[in-house]
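Everything on this sheet refers to the single structure shown next.
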Amino acid sequence: MESIGVFMPRPTFPYLENELERRFKLFRFWNFAQSDSDSIRALVGNTKIGADAEMIDSLPKLEIVSTFSVGLDKIDLTKCKERGIRVTNTPDVLTDDVADLAVGLALAVLRRICESDRFVKNGLWKKGDFELCTKFSGKAVGIIGLGRIGSAIAKRAAAFGCPVSYHSRSEKPDTGFKYYSNILDLAANSEILIVACALTEETHHIVNRQVIDALGPKGVLINVGRGPHIDEPELVSALIEGRLGGAGLDVFEDEPDVPGELFGLGNVVLLPHVGSDTIETSKAMAELVIENLEAHFLNKPLLTPVI
Ligand SMILES: O=CC(=O)O
């Protein structure tokens with residue numbers, strides 16, 4: 001397959017880049033000339049750059065978009081469908097990591113793990129004890145989106161003795177978790193609200209001022225989905241004004257820009273979109289990207305087809 005042109009619009013996990021280079025004719029955005037466009041039959045995107053309409057239009061021979069992510073929000077799926085371009089992503093292999101991190105963020109915010117760490121490292125322990133924090137076990141956890149990742153978070157939260165409820169487009173059968181068709185009811189009945197759904201037009205700003213206010217001054221908001229799930233300026237003012245108890249955020253509306261107002265807040269833990277960034281999972285995701293490409297070019301069924 002060395003002659004098949006694969007386009008990578010942004011640097012990615014080096015293992016994936018090297019493996020693609022070994023098997024295909026890899027064109028990286030940074031050493032790509034427009035005249036190469038006609039050789040490109042596949043595109044490998046990620047959470048930052050996928051395939052928007054302009055990119056798709058510029059690649060007339062594009063047959064498949066294989067993204068190194070589970071999220072599809074950076075891919076124009078309508079355009080891909082119109083052009084008959086196949087799309088694959090990397091579900092399942094990253095579920096545990098993202099769910100682990102959601103629980104880790106909740107623990108970090110409530111138990112003030114990062115603040116306590118700074119307290120010790122800054123030598124403040126010698127001057128007195130750290131303040132009391134808030135218990136996590138047993139807290140009412142509400143999950144927005146009970147897909148693969150949401151379900152894995154629910155399982156973990158349940159193991160901590162947390163009553164779990166959720167909101168999604170429709171009620172899932174036999175989960176044993178309480179379903180709220182109205183997100184405001186979910187927020188009002190949760191102490192920790194976790195965003196774990198896909199970003200679509202319907203879920204853009206699904207957490208708005210009303211939801212934040214329903215969660216309230218003792219509530220904690222965790223986001224392991226996408227930044228635009230939350231109305232960020234509303235979140236920032238709620239945290240500054242004390243209308244929300246705390247937040248653990250792995251994703252932001254305009255990454256890597258994070259609102260500076262959050263930097264000084266002790267009840268907020270900020271991560272640089274690292275939900276699935278473990279060595280093990282990145283490798284599994286890379287294998288999936290490659291196997292999907294190989295399956296496509298060998299006319300075999302795709303492993304994780306979206307379209
Ligand atoms: O955010 C991570 C992903 O979509 O894989």
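We use all heavy atoms of the structure for the numbers below, so side chains are in, but hydrogens, waters and symmetry mates are not. Each ligand, and each atom within it, is numbered from 1 in the order the structure gives.
Ring planes of Phe68 and Phe13: parallel class, angle under 30° (limits at 30 and 60°).
The atoms of ligand 1 that sit less than 4.0 Å from any heavy atom of His273 are 1 (O), 2 (C). Residue-ligand proximity, Arg226 to ligand 1, at heavy-atom distances under 4.0 Å covers atoms 1 (O), 2 (C), 3 (C), 4 (O).
For Leu94, no nitrogen or oxygen atom sits less than 3.5 Å from a nitrogen or oxygen atom of ligand 1, counting backbone and side chain alike. Looking at ligand 1, you won't find any N or O of Thr47 less than 3.5 Å from one of its N or O atoms. The shortest N or O to N or O distance between Thr90 and ligand 1 is not below 3.5 Å. Residue Gly71 has at least one N or O atom closer than 3.5 Å to an N or O atom of ligand 1.
Here the side chain of Asn292 pairs a donor or acceptor atom with the backbone of Thr304 at under 3.5 angstrom. Although no hydrogens or angles enter the test, the distance criterion places no donor-acceptor pair under 3.5 Å between the side chain of His205 and the main chain of His229.
Between Phe130 and Phe119, a ring centre-to-centre spacing shorter than 6.0 Å is recorded. Between Phe136 and Phe160, the distance from one ring center to the other falls under 6.0 angstrom.
Looking at Val70 against ligand 1, both its backbone and its side chain come within 4.0 Å, counting heavy atoms.
Atom CG of Asp57 and atom OG of Ser37 lie 11.5 Å apart (nearest 0.5 Å).
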